[in-house]
Amino acid sequence: MSDIFSDLQWRGLIHQTTADDFLPKWLSEGGRTVYAGFDPTADSLHVGSLLPLMLLRRFQKAGHRPIAIVGGATGMIGDPSGKSSERNLLSTEQLEANIAGIQVQMQKLLDFDAGDQSALLVNNNDWMKEFSYTAFLRDVGKNFPVNVMLGKDSVKSRLGSDAGLSYTEFSYMLLQAYDFVHLNKQYDCELQIGGSDQWGNVTAGIDLGRRMLSKQLYGMTCPLLTKTDGTKMGKTESGAIWLSSDRTSPYAFYQYWYNVADEDAGKCLRFLTELDHAEIEALDAARSEAPQKRESQTKLAEELTRLIHGDDGLKKAQLAKEIFFGAEIANLVDQDLADIFADVPSSELPMARLSEGLPMIDAFVEAGLSKSKGDARRTIQQGGAYVNNARREDVATTLGTDDLASESMLVLRSGKKKYALLRFVG
RNA sequence: GGGGGGUUACCGAAGCGGUCAAACGGGACAGACUGUAAAUCUGUUGGCUCAGCCUUCGCAGGUUCGAAUCCUGCACCCCCCA
């Protein structure tokens, strides 16, 4: 594992570096300090941040010290890279809350208690807030030729567009560049990693290091995690896939990876898991021979869910998977059901309704699965109605307390995957 | 200002006095198939106390045994002429 550079190369994680010939040896010696930046626009990271985060983890495992920097200051400004329009600014309180949430998630992937290789989480606002505007202009801004800045892709593309670019966002590059210089002075950090869209910002930091510190710093970018169709990984129709279980349940997280397209699976395994080369190649082979077995996707989902949500989260996701795909539901406890069906709408009804016999038609309407009794009747007649995952085709069915799946809950399903929970109270 | 055309269920679009809860296409939903993929095939698609009843065809009235269909007024949209 000490030869991290060739591992990264094999995985396809190196898009560009500022020193192709130098870095392999330099990294193989261990003990370097490496940093990557994270966006604090929400109180949780999403799947898009997983790639750089895993990179830091790889570096740490290879004997280096990772620094994750959250842009408390830069988050207030907004990075124009890859953004087509000016970003909304965040309030200070919002940022602090976001950073706190992100910190919790990083602790799952990075070891913050590993002696001199301990990961660090720093907030660039801590040093930026003391910097006066004039001091910044004199010490930092002086080193930035505007013609060079104008040459950066992130700036060029925005200047050409109707959305334009504010002076604030134009200055973003200086802040990120200064981060690098600061981290070098403070922690002897010499390598910055980031997505390929960060190249301009990374090289800006390196230039600044040369001018301000007369030091040679290094940069490395990784490809962006995109699907074969060119869209971003980690987005679904219903929104982003988050690392926080409050925002994306472990089950939904598991399912996202399980449903990755065959063409994307190999890339995901390489980019995001720590499986060794032989195992990944074996999965590649299995995938092209028997794609229907979904071995790659299963492994991918397991590895990542365990990493983010722990063994416990993985177990829940797998139980949920079984249930969502056919297993009959019986003899469960409320808590388990509530966890499994966390993403499913639920409604409450008085227990009396059930004990005196609740027509199945009414149950489907109450649960919101059918928009009218006629609709419910049709669904049942067509064989699309399930109680606790058991198909019920008799329109006249009346449900009673015997039908409860747990102490107080009933699981209704319409069609293949539309679930609703009925909870009986009182 | 004058002339003509339109307004139908989720969307598009037939229907032009009874056989209209309203053709057809799309979408959506369900079933089969399948790899939790794609495609395909089948069924359903106003409500209800469901072999029966009730409410829908821009809105309000009227004619008629009977109207989405005919008449009158109103609203909105489109086109042509000024």
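Below, chain A is the first sequence line, B the second, and so on; all start at residue 1. What you are looking at is a predicted structure, and each value in this text was computed from that prediction instead of being measured.
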> Out of A/K61, A/R58, A/R306, which one pairs with A/E274 under the salt bridge (Lys or Arg N to Asp or Glu O under 4.0 Å) rule?
Replying inline: A/K61
> If we take the P atom in both B/rA28 and B/rA22, what is their distance in whole Å?
Replying inline: 24 Å
>> Does the structure place the NZ or CZ of A/K321 under 6.0 Å from the centre of the six-membered ring of A/Y258, at an angle of no more than 45° from the ring's axis?
In response: yes
> Can we say A/D284 and A/R287 salt-bridge, meaning some charged N sits less than 4.0 Å from an Asp/Glu carboxylate O?
Replying inline: yes
>> Can you list, in residue-number order, the parts of residues 386-400 of chain A that come under 4.0 Å of RNA chain B, counting heavy atoms only?
In response: A/Y386, A/R391
> Nearest-Å distance, CG (A/N259) to C1' (B/rG35)?
Replying inline: 10 Å
>> Please classify the nucleic acid contact of A/Q255 as base, sugar-phosphate, or nothing, using heavy-atom distances under 4.0 Å.
In response: base
> Starting at the 5' end of RNA chain B and moving along, which residue's nearest nucleotide shows up first, A/A385 or A/A261?
Replying inline: A/A385
> For A/I361 and B/rA30, what is the distance between atoms CD1 and P respectively, to the nearest whole Å?
Replying inline: 17 Å
> Atom CD of A/Q292 and atom C1' of B/rA39: how far apart are they, to the nearest Å?
Replying inline: 17 Å
> In whole angstroms, how far is the P atom of B/rU45 from the CD atom of A/Q381?
Replying inline: 10 Å
> So what's B/rU45 paired with, Watson-Crick or G-U wobble, going by both distances under 3.5 Å?
Replying inline: B/rG27
>> Give me the atom names and distance for the closest heavy-atom approach of A/A385 to A/M360.
In response: CB-CE, 3.7 Å
>> With rounding to the closest Å, how many angstrom separate the P atoms on B/rU19 and B/rC11?
In response: 25 Å
> Rounding to a whole Å, what distance do you find between A/R378:CZ and B/rC50:P?
Replying inline: 14 Å
> Should the pair A/Y419 and A/F341 be assigned to parallel (<30°), tilted (30 to 60°) or perpendicular (>60°) ring geometry?
Replying inline: tilted
> Taking the same atom, P, in B/rA21 and in B/rG27, what whole-Å distance lies between them?
Replying inline: 28 Å
> For the side chain of A/Q382, counting heavy atoms from C-beta on, which of B/rG35, B/rA37, B/rA30 is nearest?
Replying inline: B/rA30
> Does B/rA22 have a Watson-Crick or wobble partner in any strand here, with both distances under 3.5 angstrom, and which is it?
Replying inline: none
> When all nucleic acid strands are considered with a 4.0 Å heavy-atom cut-off, which category describes A/Y258: base, sugar-phosphate, or nothing?
Replying inline: base
>> Checking side-chain polar atoms at under 3.5 Å, does A/Q198 have a donor or acceptor matched by the opposite partner on A/Q192?
In response: no
>> By nearest atom, which of the nucleotides B/rA30, B/rG35, B/rU36 is closest to the A/S414 side chain?
In response: B/rA30
> Could you go step by step and tell me if A/L404 and A/L354 meet the side-chain contact (heavy atoms from CB on, under 4.5 Å) rule?
Replying inline: CA-CA 9 Å; A/L404 285 170; A/L354 187 65; 3.6 Å; yes
> Quick one: which of B/rU36, B/rC29, B/rG31 gets closest to the side chain of A/K321?
Replying inline: B/rU36
> Are a donor atom and an acceptor atom from the side chains of A/N124 and A/H182 found within less than 3.5 Å of each other?
Replying inline: no
> Taking the C1' atom of each, how far is B/rC16 from B/rC70, in whole Å?
Replying inline: 10 Å
> Now, which nucleotide makes the Watson-Crick or G-U wobble pair with B/rA32, with each of the two distances under 3.5 Å?
Replying inline: B/rU40
> Which nucleotide in the set B/rC50, B/rC29, B/rU36 lies at the smallest distance from any side-chain heavy atom of A/R294?
Replying inline: B/rU36
>> Let's go through A/F22 and A/Y218 carefully: what are the C-alpha distance in whole Å and the side-chain angles of both, what is the deciding distance for ring pair (Phe, Tyr, Trp, His ring centres under 6.0 Å) to 0.1 Å, and is it a yes or a no?
In response: CA-CA 10 Å; A/F22 174 78; A/Y218 307 100; 4.8 Å; yes
>> Given B/rG31, B/rU36, B/rU49, identify the nucleotide with an atom nearest to the side chain of A/K416.
In response: B/rG31
> Hey, can you pull the residues of residues 368-376 of chain A with a non-hydrogen atom under 4.0 angstrom from RNA chain B?
Replying inline: A/S372, A/K373, A/G374
>> More than 12 heavy atoms of other residues, nucleotides or ligands under 6.0 Å from CG of A/D113: yes or no?
In response: no
> Applying a 3.5 Å limit to both distances, which nucleotide forms a Watson-Crick or G-U wobble pair with B/rA13?
Replying inline: none
>> Please determine whether a side-chain nitrogen of the Lys or Arg among A/K299 and A/E295 lies less than 4.0 Å from a carboxylate oxygen of the Asp or Glu.
In response: no
>> Are the side chains of A/V47 and A/F253 in contact, using a 4.5 Å heavy-atom criterion?
In response: yes
>> Rounding to an integer number of Å, can you tell me how far A/F325 CZ sits from B/rA37 P?
In response: 8 Å
> Quantified in whole Å, what is the C1' atom distance between nucleotide B/rA13 and nucleotide B/rG62?
Replying inline: 30 Å
> Which nucleotide in the set B/rC33, B/rG35, B/rU36 lies at the smallest distance from any side-chain heavy atom of A/P291?
Replying inline: B/rG35
>> Judged by each residue's nearest nucleotide on RNA chain B, which is more toward the 5′ side, A/R377 or A/K293?
In response: A/K293
> Distance between the P atoms of B/rC10 and B/rG5, in whole angstroms?
Replying inline: 29 Å
>> How many whole angstroms separate atom NZ of A/K418 from atom P of B/rG31?
In response: 10 Å
> Rounding to the closest angstrom, what is the interatomic distance between B/rG73 and B/rG4 at atom P?
Replying inline: 13 Å
> Is any N or O donor-acceptor pair between the side chain of A/Q297 and the base of B/rU36 shorter than 3.5 Å?
Replying inline: no
> Taking atom P of B/rU36 as reference, at what distance in whole Å does atom CD of A/E295 sit?
Replying inline: 14 Å
> Which value, in whole Å, describes the distance between the P atoms of nucleotides B/rU7 and B/rG15?
Replying inline: 10 Å
> Can you tell me the Watson-Crick or wobble partner of B/rA60, both distances under 3.5 angstrom?
Replying inline: B/rU72
